[in-house]
Engineer: 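Below are the structure tokens for one structure; questions will follow.
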Amino acid sequence: KAGVTQTPRYLIKTRGQQVTLSCSPISGHRSVSWYQQTPGQGLQFLFEYFSETQRNKGNFPGRFSGRQFSNSRSEMNVSTLELGDSALYLCASSLGTGGLLDEQFFGPGTRLTVL
Amino acid sequence: GESVGLHLPTLSVQEGDNSIINCAYSNSASDYFIWYKQESGKGPQFIIDIRSNMDKRQGQRVTVLLNKTVKHLSLQIAATQPGDSAVYFCAEYTSGTYKYIFGTGTRLKVLA
């Protein structure tokens with residue numbers, strides 16, 4: 001079974017731009033969660049989508065948004081990029097029936113650099 | 001690959017020895033805990049979990065201990081191998097708030 005895939009793997013943007021990251025979950029998984037990982041803050045939960053609906057949300061500003069499609073693939077968007085948004089963005093998928101208590105399988109991440 | 005946590009605390013262990021990695025969690029109401037392993041260039045990988053109604057759980061070569069009195073979690077790896085070299089971090093989950101909080105991690109280096 002193929003793992004979680006994320007595209008692109010690396011991205012460079014400038015301040016003020018917006019960016020869209022993509023995540024394809026493991027086949028059969030209906031939940032997709034997004035995380036931001038930085039050396040200073042560690043791993044922080046952004047939001048979780050299940051059946052095309054945002055089910056849980058972390059403490060990030062509204063510039064961070066996401067959506068999920070009917071095939072469970074998910075996209076995350078960050079608008080008006082700031083230097084502090086430079087991070088590794090990780091996506092994780094799970095079956096979703098147990099909420100966030102289901103074992104989550106992480107993708108390799110997208111490394112975003114904001115200049 | 002990407003470097004995660006450039007200034008993480010590091011635990012260096014001789015191959016074959018046991019490793020103990022510690023984590024202090026923040027919320028006394030947290031009821032579910034997970035240990036993750038993250039190798040360079042990869043996403044976190046689930047190792048073992050424990051619920052707050054338990055104080056010990058064993059897996060293959062790994063044991064997690066939970067001390068709710070002092071809000072402390074530890075991961076014990078038996079007979080540490082070179083492939084165990086990675087960053088390890090804990091996560092706490094609070095059902096009432098549906099939130100995960102992750103520790104910053106410890107880098108484990110296995111010396112041959």
Side-chain angles (χ1 to χ4, degrees), chain A residues 3-11 21 23-26 29 31-50 53-60 86-96 98-113, chain B residues 1-10 21 23-27 29-54 57 59-60 62 64 73 86-107:
Chain A
V4 177
T5 58
Q6 292 187 245
T7 57
R9 290 295 310 276
Y10 301 90
L11 205 49
L21 313 180
C23 172
S24 292
I26 291 171
H29 285 189
S31 167
V32 173
S33 298
W34 288 91
Y35 298 84
Q36 182 195 67
Q37 188 173 40
T38 60
Q41 298 294 320
L43 199 64
Q44 294 181 282
F45 172 71
L46 281 155
F47 30 65
E48 182 217 6
Y49 285 86
F50 177 78
T53 301
Q54 188 179 87
R55 187 162 64 172
N56 289 296
K57 188 178 187 306
N59 298 322
F60 277 79
S86 294
L88 181 67
Y89 289 89
L90 291 157
C91 155
S93 77
S94 66
L95 289 170
L100 287 173
L101 292 179
D102 284 337
E103 181 177 348
Q104 298 191 67
F105 295 82
F106 284 83
T110 294
R111 169 68 65 183
L112 172 65
T113 301
Chain B
E2 299 86 2
S3 58
V4 175
L6 294 176
H7 304 292
L8 292 175
T10 298
I21 301 171
C23 175
Y25 64 92
S26 59
N27 188 352
S30 292
D31 49 8
Y32 179 61
F33 306 86
I34 307 172
W35 277 101
Y36 285 99
K37 171 186 180 182
Q38 188 171 20
E39 297 174 275
S40 182
K42 296 183 179 179
Q45 178 186 0
F46 171 94
I47 300 173
I48 192 168
D49 60 359
I50 188 168
R51 294 187 184 268
S52 59
N53 61 353
M54 303 171 69
R57 189 156 189 240
Q60 188 177 17
V62 294
V64 55
L73 199 62
V87 173
Y88 291 81
F89 56 90
C90 64
E92 59 179 295
Y93 179 78
T94 308
S95 295
T97 61
Y98 303 100
K99 296 221 186 299
Y100 271 111
I101 298 174
F102 295 85
T104 51
T106 297
R107 187 181 305 280

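Owing to the predicted nature of the structure, the values given are computational and were not obtained by experimental measurement.
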Engineer: Considering all heavy atoms of both residues, which atom of L90(A) and which atom of G43(B) are nearest to each other, and what is their separation?
Structural biologist: CD2-CA, 3.9 Å
Engineer: Measuring heavy-atom distances to chain B, does F105(A) have an atom under 4.5 Å in its side chain, in its backbone, in both, or in neither?
Structural biologist: neither
Engineer: Would you mind reporting whether Y100(B) and Q104(A) have side-chain heavy atoms less than 4.5 Å apart?
Structural biologist: yes
Engineer: Distance from F46(B) atom CZ to F106(A) atom CZ, nearest 0.5 Å?
Structural biologist: 11.5 Å
